[in-house]
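Here the structure is laid out as C-alpha cells; the discussion comes afterwards.
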Amino acid sequence: MKIAVTRRLFQSEIDRLRERFEVAEWDSDLPPDPDQLRELLSDAVGALTLLTDRIDDDVLAAHPSLRVISNLAVGYDNIDVPAATSRGVAVCTTPDVLTETTAEFALALIFDAARQVSAGDRSARAGEWETWYPMRFLGRGVAGTTLGIVGFGRIGRNLAEMASALGMRVVVSDPAGDSAAYENLPLAELLQTSDVVSIHTPLTPSTRQLLDAERIGMMKDDAVLINTARGPVIDTTALVAALEAGKLRAVGLDVTDPEPLPQTHPLYAFERVTITPHIASATVATRTEMARLAVDNIIAVLEGTEPPHCLNPEVLERD
Ligand code: DGY
C-alpha cells in the first residue's frame, strides 16, 4: 500500500509509515504543483497532505485508490470533505495539539501590536535609532482593554483564558460557541466595542470575507486587528483601503490572502502592520505532535481501528 507524503517532514514519523507501507515522499520544503501532486498521489491509498495542497473532487476522482487523506493541520479548507465522503475517502486532521501554541502566537501578535515590538525592531535595523526618544513608539498596555474574539472554538477559548489572566476584558462572537464565562455578542457589537479583535473562525463559505469593508468600518479607529486563522476571513482589499484611510492602530497577520503574500503587496508598506509567514503553530513540540497525529490517523484508517481525528467517520462505518 502506497502512502504519499506531500512535504519534507520529521524523519521519525516517515519511518513509522515506512515500517508498514510504501512511502512516496515529496522531498522538499516547497509544495508540489498540481501536476506533481497528481503524479505523487498515483496509486496511493493514503496521503499525508498540507494546507497548501488542494484536494478537490477532480483530484479525488483521478485517484480512486485513495482511502484516507490526513491533513497536517486543524483547518481543512483545502479539502473538499463532502466530495471525499461521497467517494468513501476518510479525511483526518490534527487538532488539539496546536491549540495552546496558536493561542500563544495570537497573544504574541497582540503584544507586538500593543507595544510595537516589530515596528521598533524594523526602525532600529533601518538606522533610525539616534537617541532615546521620549515621544516615539508610544504603545498601549493590554490590561484593561477589551479583546473581542471572533470564533470561540478551542483556540479562541485558550486565548480568552490567557487574556483574562492579563486583565483584558474578553467578549466573544460565535453563534454556535459555548461561551458561558464570556459575553457572546453579535459580531457588529463586538467590532464596535473591542480594542483588539482577534479572528479564530475556520474558513467556510460563511466566514469568507467576514471582515469586509463594512465590518472593518465598524471597528474603533484605533483598534488592533489580529488574524491567526485563515487569510480570506478578512477582505484584504478592504483592509488596505481602511489602513490607507488611517483606520486601525495596528494589524498583526499570521495568515494572509493571498498566501504567501507577494513581496510587492501593499500591506507591507504599512509600518503598523506586522506580517508573519503562517507560523502560529510552529514550535518543535507542536509540529512534532501534529506529524505524529497525522501518521496515527493514516495507520488507524488503513489498519481498521478508530483514527484519533476523522471528520467523516461515516466513511469508516460504511467500510
Ligand atoms: C492549521 O493547523 O490549520 C494551521 O493553520 C497550521 O497549523
Side-chain angles (χ1 to χ4, degrees), residues 5-10 13 26 28-32 47-56 68-81 84 90-110 149-159 162 174 177 198-211 225-234 236 251-261 274-298 307-312:
V5 179
T6 67
R7 209 67 46 81
R8 184 180 297 146
L9 284 178
F10 299 96
E13 295 308 322
W26 185 252
S28 169
D29 291 327
L30 296 177
L48 198 165
T49 55
L50 269 67
L51 52 89
T52 44
D53 302 314
R54 180 133 301 281
I55 310 292
D56 56 18
V68 53
I69 306 281
S70 183
N71 213 34
L72 187 95
V74 63
Y76 50 88
D77 45 280
N78 58 311
I79 301 173
D80 185 339
V81 180
V91 179
C92 303
T93 55
T94 63
D96 297 330
V97 295
L98 48 68
T99 298
E100 203 171 90
T101 315
T102 306
E104 274 178 7
F105 198 84
L107 195 59
L109 288 178
I110 291 171
I149 298 181
V150 180
F152 201 60
R154 287 167 281 226
I155 297 170
R157 192 169 315 219
N158 201 274
L159 176 63
M162 291 193 283
D174 188 339
S198 191
I199 309 289
H200 297 282
T201 57
L203 178 62
T204 65
S206 62
T207 62
R208 186 172 286 277
Q209 307 227 327
L210 183 70
L211 259 69
L225 176 60
I226 304 294
N227 192 4
T228 53
R230 284 292 182 269
V233 176
I234 298 177
T236 306
V251 175
L253 302 175
D254 184 51
V255 290
T256 57
D257 180 23
E259 197 171 297
L261 199 65
T274 289
I275 296 163
T276 52
H278 204 147
I279 55 173
S281 68
T283 65
V284 176
T286 294
R287 288 285 166 85
T288 307
E289 281 296 284
M290 288 168 73
R292 184 189 58 76
L293 257 187
V295 167
D296 285 351
N297 280 327
I298 292 176
H309 294 286
C310 184
L311 297 173
N312 52 356

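The residues of the chain are indexed from 1 along the displayed sequence. Note that these values count all heavy atoms, side chains included, but never hydrogens, waters or copies made by symmetry. Whatever order the structure lists them in is the order used to number ligands and atoms, beginning at 1. If you're wondering where the values come from, they're calculated on a predicted model, not measured in any experiment.
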* To do: Using a cut-off of 6.0 Å, state whether more than 12 heavy atoms not belonging to Arg208 lie near its atom CZ.
  => no

* **Approximate separation, where rounding is to 0.5 Å, of Glu100 CD and Arg154 CZ** => 14.0 Å

* side-chain hydrogen bond (donor to acceptor under 3.5 Å, both in side chains) with Asn71: which of Asp77, Asn297, Asn78? -> Asn78

* For Phe105, which residues count as a ring pair (Phe, Tyr, Trp, His ring centres under 6.0 Å) partner, sequence neighbours excluded? -> none

* To do: Sequence neighbours left out, what passes salt bridge (Lys or Arg N to Asp or Glu O under 4.0 Å) with Asp174? Give chain and number order.
  => none

* **Within residues 276-286 or reaching into it, pairs that qualify as salt bridge (charged side-chain N to carboxylate O under 4.0 Å, His left out) - sequence neighbours excluded** => none

* Asked: Listing by chain and number, which residues have a heavy atom under 4.0 Å from ligand 1?
  -> Leu51, Ala73, Val74, Gly75, Leu98, Arg230, His278, Ser281, Met290

